[in-house]
Each structure stands twice: as C-alpha cells, then as structure tokens.
Amino acid sequence: MEGRLVRERGECRRRQVRAGRRAVLASGAWLGRLAAPFGVRTPVQSGRGHSFTVSPEGAPTRPAYFAEQRVVCTPLGDRGRVAGMMEFTAPDRPADPRRIEAIVDAARDRLPSADLTHRSDEWAGPRPCTADGLPLVGPTRSPRVHVCGGHGMWGIALGPLSGKLLAESIVTGRRAPELAALHPLR
C-alpha cells in the first residue's frame with residue numbers, strides 16, 4: 001500500500017490506497033455523475049428525505065405511517081423520529097427549514113400529545129433515485145468498473161443484498177439472474 005492524497009466529500013485526507021483490478025462505484029446520490037464517464041446514461045437524481053427527532057412522550061411506540069399526511073414516525077432509542085417530504089434537488093444543497101415546518105404542520109393533528117416545538121437532529125438526506133425506480137447494479141462499459149446504487153429509500157434494506165450479488169458476479173464472472181433488470185447500461 002502507498003499513501004495518496006484523496007478528496008472525500010470536500011476534505012483532503014491522507015489515506016492508504018490499494019491498487020485493485022476492479023472498482024465498484026457505490027456513491028449514493030452522486031452515482032450518476034461518477035458513472036457517466038463509464039457509459040451509464042440512466043440519470044440518478046437526489047430525492048432528499050427530511051426528518052427530525054422529538055422526545056418520546058406523545059410519539060408512537062411503534063412505527064406508524066400516516067398516508068394522507070405522508071409522514072412516518074419511528075421509535076428511535078429514547079426518542080421518536082418523524083420523517084416525510086421528498087424533494088428532488090442537488091444532494092449537497094443545505095436543508096430547507098420550510099420542509100421541516102411542512103412535516104410538523106402535517107403531523108400536528110396525528111400527534112397531538114407530541115412536543116413538535118422542541119425538535120432536534122433536523123436533517124435532510126439525499127437518496128439516489130432513478131426514473132424507473134430500479135437501482136443500477138452491474139458492469140459498465142469498462143470491464144474494471146461496476147456500479148451499485150440508485151435504490152432510493154430502499155438502500156438500507158436492499159443495498160447489502162445488491163452488493164453481495166454484485167460481488168459474487170465480479171468474483172465468479174457469472175451474472176446473477178436477479179440482476180438482469182438492474183443492468184446499469186439499460
């Protein structure tokens with residue numbers, strides 16, 4: 001291994017980098033930009049979800065989805081997470097406080113006992129979304145570069161399985177049939 005200076009989300013850090021025969025681009029909402037030079041033309045757009053936490057008093061004790069309001073509440077340790085609002089915008093754009101206020105307004109009637117005034121951990125996270133809703137998993141035009149991303153809000157659940165199937169296909173040279181519809185060059 002040799003030390004190289006690499007740029008990581010705006011910060012320069014000295015890291016140990018290993019040379020390899022293959023690379024997998026799994027960069028979330030930034031995937032489209034990074035994969036385009038390798039022939040991936042499917043756009044990957046940042047669909048940012050917004051959330052905040054509140055004290056558990058008055059918050060649901062189990063996960064709850066308020067469909068009409070498009071708000072989700074989830075117990076999270078000693079607090080409650082309230083989330084909603086999808087916004088298509090640049091992944092690095094600062095969070096818009098109006099989006100959080102819109103979630104508060106939408107949730108107020110459903111959570112009348114919750115203290116929605118004293119919020120913490122207000123956050124907006126970019127989710128990598130494709131127009132057809134299918135992730136991009138597999139090889140690019142370069143035999144050395146593969147991609148794995150675009151899972152939208154399902155990345156936490158489906159990312160590990162996609163990564164496992166992609167790794168197996170890279171190692172064995174046999175593409176898993178489950179990945180056929182997810183080909184990045186589709």
Side-chain angles (χ1 to χ4, degrees), residues 8-11 24-36 40 42-137 147-166 178-179 181-182 184 186:
E8 186 175 296
R9 289 210 183 175
E11 290 184 37
V24 175
L25 301 177
S27 54
W30 296 265
L31 181 63
R33 239 183 305 174
L34 294 172
V40 178
T42 302
V44 178
Q45 173 68 47
S46 169
R48 295 192 329 166
H50 294 72
S51 66
F52 55 88
T53 57
V54 295
S55 67
E57 292 80 26
T61 57
R62 292 181 225 181
Y65 175 54
F66 306 130
E68 188 175 321
Q69 291 80 7
R70 293 188 171 94
V71 172
V72 175
C73 300
T74 308
L76 187 65
D78 62 345
R79 53 204 163 142
R81 166 82 60 192
V82 181
M85 192 68 61
M86 174 81 76
E87 148 186 65
F88 292 101
T89 188
D92 296 317
R93 188 172 157 219
D96 185 343
R98 296 174 301 176
R99 303 288 182 183
I100 296 292
E101 287 303 324
I103 298 169
V104 170
D105 291 345
R108 195 173 314 277
D109 289 343
R110 293 296 192 157
L111 302 171
S113 301
D115 181 2
L116 300 175
T117 306
H118 295 94
R119 301 180 299 273
S120 61
D121 303 320
E122 291 183 355
W123 182 78
R127 300 171 181 143
C129 300
T130 61
D132 63 7
L134 297 175
L136 305 171
V137 183
V147 299
C148 188
H151 294 83
M153 66 182 97
W154 294 102
I156 293 290
L158 298 178
L161 176 59
S162 297
K164 180 177 189 244
L165 292 172
L166 178 59
E178 297 88 350
L179 298 179
L182 311 180
R186 63 180 184 265

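The figures that follow rest on heavy atoms only: side chains count, while hydrogens, waters and symmetry mates do not. Everything numeric in this text was worked out from a predicted model, so none of it was measured.
- Asp121 is listed as a side-chain neighbour of Arg79, based on a closest heavy-atom distance under 4.5 Å.
- Looking at heavy atoms from C-beta onward, Trp154 lies out of side-chain contact with Pro135 at the 4.5 angstrom threshold.
- Between atom CD of residue Glu178 and atom OG of residue Ser162 there is a gap of 10.5 Å, rounded to the nearest 0.5 Å.
- Between Pro75 and Pro63 there is a side-chain heavy-atom pair separated by less than 4.5 Å.
- The existence of a salt bridge linking Glu122 and Arg99 is excluded, since no basic side-chain nitrogen approaches an acidic carboxylate oxygen closer than 4.0 Å.
- Taking every heavy atom of both residues into account, Gly155 and Pro160 meet most closely at O-CD, 3.8 Å.
- With rounding to the nearest 0.5 angstrom, the CG atom of Leu179 is 5.0 Å from the CG atom of Leu165.
- Atoms NE2 and CZ, on His118 and Phe52 in that order, are 13.5 Å from each other to the nearest 0.5 Å.
- Put simply, the side chain of Cys148 reaches to within 4.5 Å of the side chain of Leu166, judged on heavy atoms.
- Atoms SG and CE, from Cys129 and Met86 in turn, are 4.5 Å apart once rounded to the nearest 0.5 Å.
- In this structure, Ala59 and Ser55 approach most closely via the heavy-atom pair CB-O, 4.1 Å.
- Annotation: Arg81, atom CZ; neighbour count of heavy atoms from other residues, nucleotides and ligands within 6.0 Å is above 12.
- Scanning both residues, Val71 and Ala107, for their nearest heavy atoms gives CG1-CB, 4.1 Å.
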Practice item. Take Val82 and Arg119 through the side-chain contact (heavy atoms from CB on, under 4.5 Å) test and state the conclusion after the steps. Key: CA-CA 10 Å; Val82 181; Arg119 301 180 299 273; over 6 Å; no

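- Asp132 has its side chain within reach of Arg186: a pair of non-hydrogen atoms, C-beta onward, lies under 4.5 Å apart.
- Interatomic distance, CG of Leu34 versus OG of Ser27, reported as 4.5 Å (0.5 Å rounding).
- Atom CE of Met85 sits about 12.0 Å away from atom OG of Ser51, to the nearest 0.5 Å.
- Considering every non-hydrogen atom in both Arg48 and Asp96, the closest pair reads NH2-N, 4.3 Å.
- Open room surrounds CZ on Arg110; 12 or fewer heavy atoms of other groups in view lie less than 6.0 Å from it.
- Nearest approach of Leu111 to Pro60, heavy atoms of both residues: CD2-CD, 3.6 Å.
- Between Glu57 and Asp115, every side-chain heavy-atom pair lies at or beyond the 4.5 Å cut-off.
- In this structure the side chain of Val147 reaches within 4.5 angstrom of the side chain of Leu25, judged on heavy atoms.
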